[in-house]
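Worksheet: the structure to be examined is printed underneath.
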Amino acid sequence: MPPAVGQTDYAYLLRELREIQNQLFDKASNYTRLILGLGYGGFFAAWSGTKQNLSSMELVSSALLVTFSLFLYVAFEIWQARMASVIAMRFALAVSDTSGPSEALERFRVSSQKLNRKYFAVWKVVFHTCAVAGLLGALILIAAFVHSLFKML
């Protein structure tokens with residue numbers, strides 16, 4: 001419930017900002033998963049349909065780059081699921097702590113912030129590595145395919 005008009009309730013404001021941040025992050029995560037899933041599927045469909053027109057080096061390098069990107073992405077998703085489970089279990093323990101709910105929830109908040117910092121640091125590396133490797137693999141495939149089309153002229 002929002003505070004009375006004219007009052008500033010810092011705790012309420014922080015809760016609202018966290019909720020907005022969580023919603024934005026969830027939307028961005030779902031969108032990223034959708035785009036990456038479609039991208040990987042599309043690449044391998046195009047790769048299997050055009051591989052007869054590619055040289056061995058183009059075939060292998062494009063497949064290895066995108067496979068590496070996909071492997072890293074799947075490994076990250078598994079790690080991310082583990083992180084979410086750890087946070088959920090810590091929250092359940094904090095809520096059920098009878099020694100003092102305020103202190104338990106504060107410990108949970110502090111530990112969650114540490115995990116979130118670690119998560120975002122890993123996400124930056126994994127996201128950029130997946131994007132670069134995947135795009136390089138796709139560019140090799142596209143360039144090789146376009147080159148083979150021009151050779152047919």
Side-chain angles (χ1 to χ4, degrees), residues 1-51 58-146:
M1 166 165 278
V5 176
Q7 289 182 338
T8 55
D9 184 357
Y10 187 69
Y12 173 77
L13 180 61
L14 282 178
R15 279 193 303 274
E16 289 296 310
L17 289 173
R18 282 187 192 120
E19 182 62 31
I20 291 168
Q21 180 186 22
N22 287 337
Q23 289 174 0
L24 291 173
F25 181 75
D26 288 344
K27 286 181 182 181
S29 288
N30 290 336
Y31 180 74
T32 300
R33 285 185 188 112
L34 174 68
I35 295 302
L36 287 174
L38 291 172
Y40 288 126
F43 170 83
F44 284 110
W47 182 81
S48 68
T50 61
K51 63 185 179 181
E58 294 163 339
L59 184 72
V60 170
S61 61
S62 64
L64 284 177
L65 282 166
V66 175
T67 300
F68 169 72
S69 175
L70 180 59
F71 171 78
L72 190 58
Y73 172 69
V74 169
F76 176 76
E77 286 294 324
I78 292 168
W79 180 77
Q80 178 176 288
R82 181 191 173 281
M83 293 285 284
S85 297
V86 166
I87 289 174
M89 287 186 281
R90 286 182 182 177
F91 181 73
L93 290 172
V95 169
S96 64
D97 189 335
T98 57
S99 67
S102 297
E103 293 83 18
L105 287 174
E106 181 60 22
R107 284 192 306 272
F108 166 75
R109 187 185 67 74
V110 168
S111 71
S112 294
Q113 283 179 337
K114 288 178 185 174
L115 284 175
N116 281 335
R117 277 190 226 106
K118 179 192 276 188
Y119 170 82
F120 287 121
V122 171
W123 177 84
K124 285 178 187 177
V125 171
V126 170
F127 179 80
H128 291 99
T129 304
C130 283
V132 168
L135 289 172
L136 282 175
L139 286 173
I140 289 170
L141 177 72
I142 292 166
F145 182 68
V146 168

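Quick caveat, the model's predicted, so the values are computed rather than measured. When a residue number appears, it is its place in the shown sequence, counting from 1.
The shortest distance between side-chain heavy atoms of Phe91 and Ser112 does not fall below 4.5 Å. For the pair Glu77/Tyr73, a side-chain contact is recorded, criterion being any heavy-atom separation below 4.5 Å from C-beta on. In this structure, the side chains of Ile78 and Arg82 stay at 4.5 Å or more apart for every pair of heavy atoms. Side-chain contact between Thr32 and Phe127: present, with at least one pair of heavy atoms (C-beta onward) separated by less than 4.5 Å. Inter-residue side-chain proximity for Val95 and Leu105 is flagged as met; some heavy-atom pair is nearer than 4.5 Å. Looking at Phe44 and Leu70, their side chains come closer than 4.5 Å, going by heavy atoms from C-beta outward. Annotation: side chain of Phe108 is not in contact with side chain of Leu93 (no heavy-atom distance under 4.5 Å). At least one side-chain heavy atom of Asn30 sits less than 4.5 Å from a side-chain heavy atom of Arg33.
When all heavy atoms are compared, the tightest approach of Ser48 to Ala45 is OG-O, 3.0 Å. The two residues Leu141 and Ala46 make their nearest non-hydrogen contact at CD2-CB, 3.9 Å. In this structure, Ser62 and Leu59 approach most closely via the heavy-atom pair OG-O, 3.2 Å. The two residues Arg90 and Leu115 come nearest to each other via the heavy atoms NH1-CD1, 3.3 Å. Scanning all heavy atoms of the two residues, the minimum distance from Ala133 to Ser69 falls at CB-CB, 4.0 Å. Listed here is the closest heavy atom pair of Val66 and Tyr40: CG1-CD2, 3.8 Å.
The number of heavy-atom neighbours closer than 6.0 Å to CD of Gln113, taken from other residues, nucleotides and ligands shown, is above 12. Within 6.0 Å of the CZ atom in Phe76, the count of heavy atoms belonging to other residues, nucleotides or ligands exceeds 12. Counting non-hydrogen atoms of neighbouring residues, nucleotides and ligands closer than 6.0 angstrom, the CZ atom of Phe120 exceeds 12 such neighbours.
Taking the six-membered ring where tryptophan is involved, the planes of His128 and Trp123 are perpendicular, since the angle between them exceeds 60° and thus also 30°.
A donor-acceptor pair is defined here as one N or O able to donate and one able to accept, closer than 3.5 Å; no such pair exists between the side chain of Tyr119 and the backbone of Ala84.
With rounding to the nearest 0.5 Å, the separation of OG in Ser29 from CG in Leu34 is 12.5 Å. We find the CZ-CG distance between Phe68 and Leu136 to be 11.5 Å, quoted to the nearest 0.5 Å.
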